[in-house]
Amino acid sequence: TARFLRLADYAVRAGADGLLFACSAFGPCIEAVARRFADRPVLKPNEAMFREAIGRGRRIGMLATFAPSVLTMTEEFEQFVAEAGAEASLETIVVEGAMDALRKGDADRHNALIAARAPELAHCDAIMLAHFSTSRALAAVGAAVKTPVLTAPDAAVDRIKAAITG
């Protein structure tokens, strides 16, 4: 948390109007930053995507490649559902091997592995690509299903821009 606060301090001193974090595994650290910098937008990486997904329906799917982050992301999703007073449930698939492929520099295999699992969530109202790194699979997943596919970077950039510009 101390490192996140130092990073945020640096960004604010450099003139940042808002803070957008890009790793879903550090929710509590980001919350500490938000408390310190309540005078400007601070956005968790998946917050905007979760809010958009909840607005699309009750059955939400999520494709993840980093299993350790799923628990905190699920808790965060449920928190947004409760705040919105919505009735939404989350079904998550961890795509084995995709992260390893990406680490080895094989983005095409990463994308193909994710897209191959997407039809299992075709019954959902929206499918979220869980991590910023999985957003590179958007086109492949979109080709595999007719369900709307959401990415954290696209949703986050739109939301933080709107928060900064009013």
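- Under the 4.5 Å side-chain contact rule for hydrophobic residues, L113 and I127 share a cluster.
- When atom types are taken as modelled, the side chain of R36 and the backbone of E31 share no donor-acceptor pair closer than 3.5 angstrom.
- To the nearest 0.5 angstrom, Q79 atom CD is 5.5 Å from K44 atom NZ.
- Shown here for A116 and P119, the closest heavy-atom pair between the two residues is O-CD, 3.5 Å.
- What you find for P41 and D17 is that their closest heavy atoms are CD-O, 3.4 Å.
- By the 4.5 Å heavy-atom criterion applied to side chains, R117 and L63 are counted as neighbours.
- The NE2 atom of H110 sits 11.0 Å away from the CG atom of D108 when rounded to the nearest 0.5 Å.
- The backbone N or O of M49 sits nowhere less than 3.5 Å from a side-chain atom of N46 that would complete a donor-acceptor pair.
- The shortest side-chain heavy-atom distance between R159 and R51 falls under the 4.5 Å cut-off.
- T92 and V70 make their closest contact through CG2-CG1, 3.9 Å (heavy atoms, listed as atom of the first residue, atom of the second, distance).
- A pairwise comparison of heavy atoms in F50 and F77 identifies CE1-N, 3.6 Å as the closest pair.
- Although no hydrogens or angles enter the test, the distance criterion places a donor-acceptor pair under 3.5 Å between the side chain of T147 and the main chain of A122.
- Using a 4.5 Å heavy-atom threshold, the side chains of M62 and I93 count as separate.
- In this structure, S89 OG and R59 CZ are separated by 8.5 Å, a value rounded to the nearest 0.5 Å.
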May I have the step-by-step check of side chain to side chain contact (heavy atoms under 4.5 Å, CB included) for F132 and T151, ending in yes or no? CA-CA 7 Å; F132 273 49; T151 70; over 6 Å; no
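- Follow the hydrophobic side-chain contacts under 4.5 Å out from I60 and you reach F80 in the same cluster.
- Linking Ile, Leu, Val, Met, Phe, Trp and Tyr whenever their side-chain heavy atoms come within less than 4.5 Å leaves L90 and I114 in two separate clusters.
- Using modelled atom types, one side-chain atom of D125 and one backbone atom of R58 make a donor-acceptor pair closer than 3.5 Å.
- In terms of heavy atoms, L19 sits closest to F37 at CD1-CD1, 4.2 Å.
- Under a cut-off of 6.0 angstrom, the local environment of CD in E83 is crowded, with over 12 non-hydrogen atoms contributed by other residues, nucleotides or ligands.
- Note that CZ of F21 is 9.5 Å distant from CD1 of I160, once rounded to the nearest 0.5 Å.
- The CD atom of E52 sits 4.5 Å away from the CG atom of L150 when rounded to the nearest 0.5 Å.
- In this structure, H131 and F66 have perpendicular ring planes: the angle between them is above 60°, well past the 30° mark.
- Here the CE-OG distance, from M99 to S133, works out to 4.0 Å after rounding to the nearest 0.5 Å.
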Going through the checks in order, is the side chain to side chain contact (heavy atoms under 4.5 Å, CB included) test met by V149 and L138? CA-CA 7 Å; V149 181; L138 176 61; 3.6 Å; yes
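- Under a hydrophobic-cluster definition in which Ile, Leu, Val, Met, Phe, Trp and Tyr are linked whenever side-chain heavy atoms come within less than 4.5 Å, directly or via other members, I54 and M128 are assigned to the same cluster.
- What you find for I30 and P45 is that their closest heavy atoms are CD1-CD, 3.7 Å.
- Between the side chain of R136 and the backbone N or O of N111, no donor-acceptor pair lies under 3.5 Å.
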Run the numbers on E91 and L121 for side chain to side chain contact (heavy atoms under 4.5 Å, CB included), then give the verdict. CA-CA 8 Å; E91 180 179 343; L121 298 174; 3.6 Å; yes
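- Within a 6.0 Å radius of CZ in R109, other residues, nucleotides and ligands contribute 12 heavy atoms or fewer.
- With hydrophobic clusters built from ILVMFWY side chains whose heavy atoms lie under 4.5 angstrom apart, L71 does not share a cluster with V94.
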